[in-house]
Number of protein chains: 2
Amino acid sequence: MTVTLADVAARAQVSPATVSRVLNGNYPVAASTRERVLRAVDELDYVLNGPASALAAATSDLVGILVNDIADPFFGIMASAIQSEIGGPGGRAGGERLAVVCNTGGSPERELTYLTLLQRQRAAAVVLTGGAVEDAAHVAAVENKVRKLADAGTRVVLCGRPPSPDAIALTFDNRGGGKQLTEHLIGLGHRRLGYIAGPEERTTTRHRLEGHRDALAAHGIEDDPKRTVHGRYDRQAGYDATLELLRRDPSLTAVVAANDTVALGACAALRDSGLRIPDDVSVAGFDDLPFAVDAVPALTTVRLPLSEAGARAGRIAMGREEPPPGGIATVHGELMVRGSTGVPRE
Amino acid sequence: MTVTLADVAARAQVSPATVSRVLNGNYPVAASTRERVLRAVDELDYVLNGPASALAAATSDLVGILVNDIADPFFGIMASAIQSEIGGPGGRAGGERLAVVCNTGGSPERELTYLTLLQRQRAAAVVLTGGAVEDAAHVAAVENKVRKLADAGTRVVLCGRPPSPDAIALTFDNRGGGKQLTEHLIGLGHRRLGYIAGPEERTTTRHRLEGHRDALAAHGIEDDPKRTVHGRYDRQAGYDATLELLRRDPSLTAVVAANDTVALGACAALRDSGLRIPDDVSVAGFDDLPFAVDAVPALTTVRLPLSEAGARAGRIAMGREEPPPGGIATVHGELMVRGSTGVPRE
DNA sequence: CTGTTAGCGCCTTCAC
DNA sequence: GTGAAGGCGCTAACAG
């Protein structure tokens, strides 16, 4: 029924071994023979059997990319960049690698499940993106999985995620970025800043919040717990949190959000409360996603080089670029000052 | 080295076949035996070999999702919904299916490559999302691939893409949506409307534009070719196109964009030109992505039920929902009137 | 309900 | 540079 390598061999009048060799291209084959084989492949419309190939070779052409939320451009941009470096010639058999993105939805269980699935598929490499959940049991479980993958020859790269043993890590300097941002606000004269943090148990949340607090502390501003609210990384959370912050302290002059999406929700809440941005309240985000510049007023935020970092992670995963010394590199953000922040009122 | 099914069998003192049966769960096994096997699996930390399994069974647990641009929430939202119906129990061996999203970047070649890769992996199902390229050769090539996949037992579902033989299709009524939108504008009194279309060769572009023209024709408004500009589906294209439209005809009172992202660019261009929205010029988008409501003013647009359609496509791909009669279903959009459109000036 | 027996299609030494 | 042979780990009939 389906065409196999043996069929191709028969048509090209060579042995199956030879066909395999021209397909994989990693073995000397006479030009004329190769020609004949390729023609047979074409005529028969032959498609390699991936599973059979992976079974025999004990490795596959699959490269997994794990993301927390595929509907969030933060991850989409990174995934796209990673993938652009992974697709294209370079794999076994025919040259292409199958870069596949897996959406964990931020769930630790799904993350582990996908890691197992990828392990099961004998993936060539795996890239884990975005912040991690800090629960000790989960961290241990992931480290365990990563070690198994590494032992099995799967290269594991972390992109925008804190370091972990047995994996190469490109971490974002969320703490430094958070600090810069808050210092910018403090520099403008703000003293009563609300902070909308992400979900409690995530590293990204913690690091950005710590940066914010570092800045407050450095300037002798009391860190009133009333001025921090936690929520999801989405617009609605930003909206709700802003109303809550305003309720707790109507004298706030600035709101720092966990990311740009949350900041957008904050802006909406402020507008709906009759407050002007930045005249009454300044707003800042994080990430500098494409829409940040289109907000009205444009969002002050910290730009993270998502594309660049993703591309680099992809190259490292493919073994096309040297891992950073020590296996860890820190990627810094850049403060983008725009119209949403200004001097405080009064 | 690595633990195999035979090792598990030995430890549980049963035959490999029995282990396979409890793992796949599709065959009666005594509870006590199952218990013993599961314990052995756990103790040995056994992970099924996907390729071997797929080879023997002639099908894999992989489900492919093709998207044009993973960094675009339009696709991210659909992919997320599709995947939510695909992951989870139901697959062979251990219950999980590996839903993988492949980013074609809108390139016909990459689309075909991914289809081949998925065919090579003996994917259980494939979902193609978003508009298609209309080039005849490419259409034929895709149809050919789809037929091959279908013949090999891979279920193929199209989501937000025009029908094709051998595949089940959930199409978006882009034409109807486009018509509704333009009629809304005409109803407000607009007569000089600019239109920013997407890339020329895409079905989505063509259908939305046709809907727009249908509306103009239905109201006896001349369709001046000067008032239509093509560009990519991104913000910058919207920005540039708007300046161009304004240059060609400064008397425009409304701009209809191919999608929300483009509309955002249009808004920016208008603002930068000193024009107020909607007082001077009305703006409309398409899709109703999450950020549309956060634009200032909020964007009038056509909501496409991306999540619902994606979820349905996912269920159909998994065989958990009946395909629509005739294999084709049309999904309609809903006009969302917001602040970005109003009566024309003067 | 469980064991036995053949492959699934390919890669990879090993010879020539 | 090319062929022959064995086996990768699992599943799917068949028996029993």
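Note that these values count all heavy atoms, side chains included, but never hydrogens, waters or copies made by symmetry. Protein chains get the first letters and strands the later ones, always in sequence-line order, with residue 1 at the start of each. All figures in this text were calculated on a predicted structure; none of them were measured in a lab.
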Practice item. When you get a sec, tell me which of dT2(D), dC10(C), dT2(C) is the closest nucleotide to the side chain of Tyr46(A)? Key: dC10(C)
Review point. Do the side-chain N or O atoms of Asn49(A) get closer than 4.0 angstrom to the phosphate oxygens (OP1, OP2) of dC8(C)?
Key: no
**Study point:** Base dG3(C) paired with Arg21(B) side chain (donor-acceptor, <3.5 Å)
**Key:** yes
Practice item. Using atom OH of Tyr27(A) as one end and atom C1' of dC11(C) as the other, report the distance to the nearest whole Å. Key: 12 Å
Practice item. Mind checking Val14(A) for me? I need base, sugar-phosphate or nothing, with any heavy atom below 4.0 Å counting as a touch. Key: sugar-phosphate
Check your understanding: Any side-chain N or O of Ser20(A) less than 4.0 Å from the OP1 or OP2 oxygen of dC10(C)?
Key -> no
Check your understanding: Salt bridge or not for Glu111(A) and Arg161(A), using N-O below 4.0 Å?
Key -> yes
Review point. Any donor-acceptor pair under 3.5 Å linking the side chain of Gln83(A) with the backbone of Ala99(A)?
Key: yes
Review point. Counting just side-chain N and O atoms, does Ser53(B) come under 4.0 Å of either OP1 or OP2 of dT11(D)?
Key: yes
**Study point:** Spacing of Leu44(B) atom CG relative to dG9(D) atom P, expressed in whole Å
**Key:** 14 Å
Check your understanding: What about Arg122(A): does its side chain form a donor-acceptor pair under 3.5 Å with the base of dG9(D)?
Key -> no
Practice item. Measure from CG on Asp7(A) to C1' on dC10(C) and round the result to the nearest Å. Key: 13 Å
Check your understanding: Whole Å only: how far is the CD atom of Gln13(A) from the P atom of dA4(D)?
Key -> 13 Å
Exercise for review: Counting heavy atoms from C-beta on, name the nucleotide in dC1(C), dG9(C), dG9(D) closest to the side chain of Ala30(B).
Suggested key: dC1(C)
**Study point:** Ion pair Glu134(B)/Arg202(B), N-O distance below 4.0 Å
**Key:** no
Practice item. Identify which nucleotide among dT12(C), dT11(D), dC11(C) has an atom closest to any side-chain atom of Pro16(B), counting heavy atoms from C-beta outward. Key: dT11(D)
Review point. More than 12 foreign heavy atoms under 6.0 Å from CD of Gln13(A): is that the case here?
Key: no
Point to revise | From dT2(D), dT11(D), dC8(D), nucleotide with atom closest to Val29(A) side chain | key: dT2(D)
Check your understanding: Are any of the side-chain heavy atoms of Thr129(B) and Asn68(B) separated by less than 4.5 Å?
Key -> no
Point to revise | Pairwise 5' ranking along DNA chain D for Pro28(A) and Val47(B), keeping only the more 5' one | key: Pro28(A)
Exercise for review: Would you kindly give the CG-to-C1' distance between Leu5(A) and dA4(D), to the nearest whole Å?
Suggested key: 14 Å
**Study point:** Between dC10(C) (C1') and Asn24(A) (CG): distance, integer Å
**Key:** 9 Å
Check your understanding: Under 4.0 Å: is that the gap between some side-chain N or O of Thr33(A) and OP1 or OP2 of dT2(D)?
Key -> yes
Review point. Across the strands shown, which category fits Leu55(A) at heavy-atom distances under 4.0 angstrom: base, sugar-phosphate, nothing?
Key: base
Exercise for review: May I ask you to say what Ala17(A) touches in the nucleic acid, namely base, sugar-phosphate or nothing, with a heavy-atom cut-off under 4.0 Å?
Suggested key: base
Check your understanding: Which nucleotide in the list dT11(D), dG9(C), dT2(C) gets nearest to the side chain of Ala57(B)?
Key -> dT11(D)
Exercise for review: Please determine which of Lys145(B), Lys148(B), Arg147(B) meets the salt bridge (Lys or Arg N to Asp or Glu O under 4.0 Å) test together with Asp45(A).
Suggested key: Lys148(B)
Exercise for review: For dG3(C), take OP1 and OP2 only and decide whether either is under 4.0 Å from a side-chain N or O of Ser15(B).
Suggested key: yes
Check your understanding: Rounded to the Å, how far apart are Leu48(A) CG and dG9(C) C1'?
Key -> 9 Å
Practice item. Let me know the distance between CG of Leu23(A) and P of dT12(C), rounded to the nearest Å. Key: 12 Å
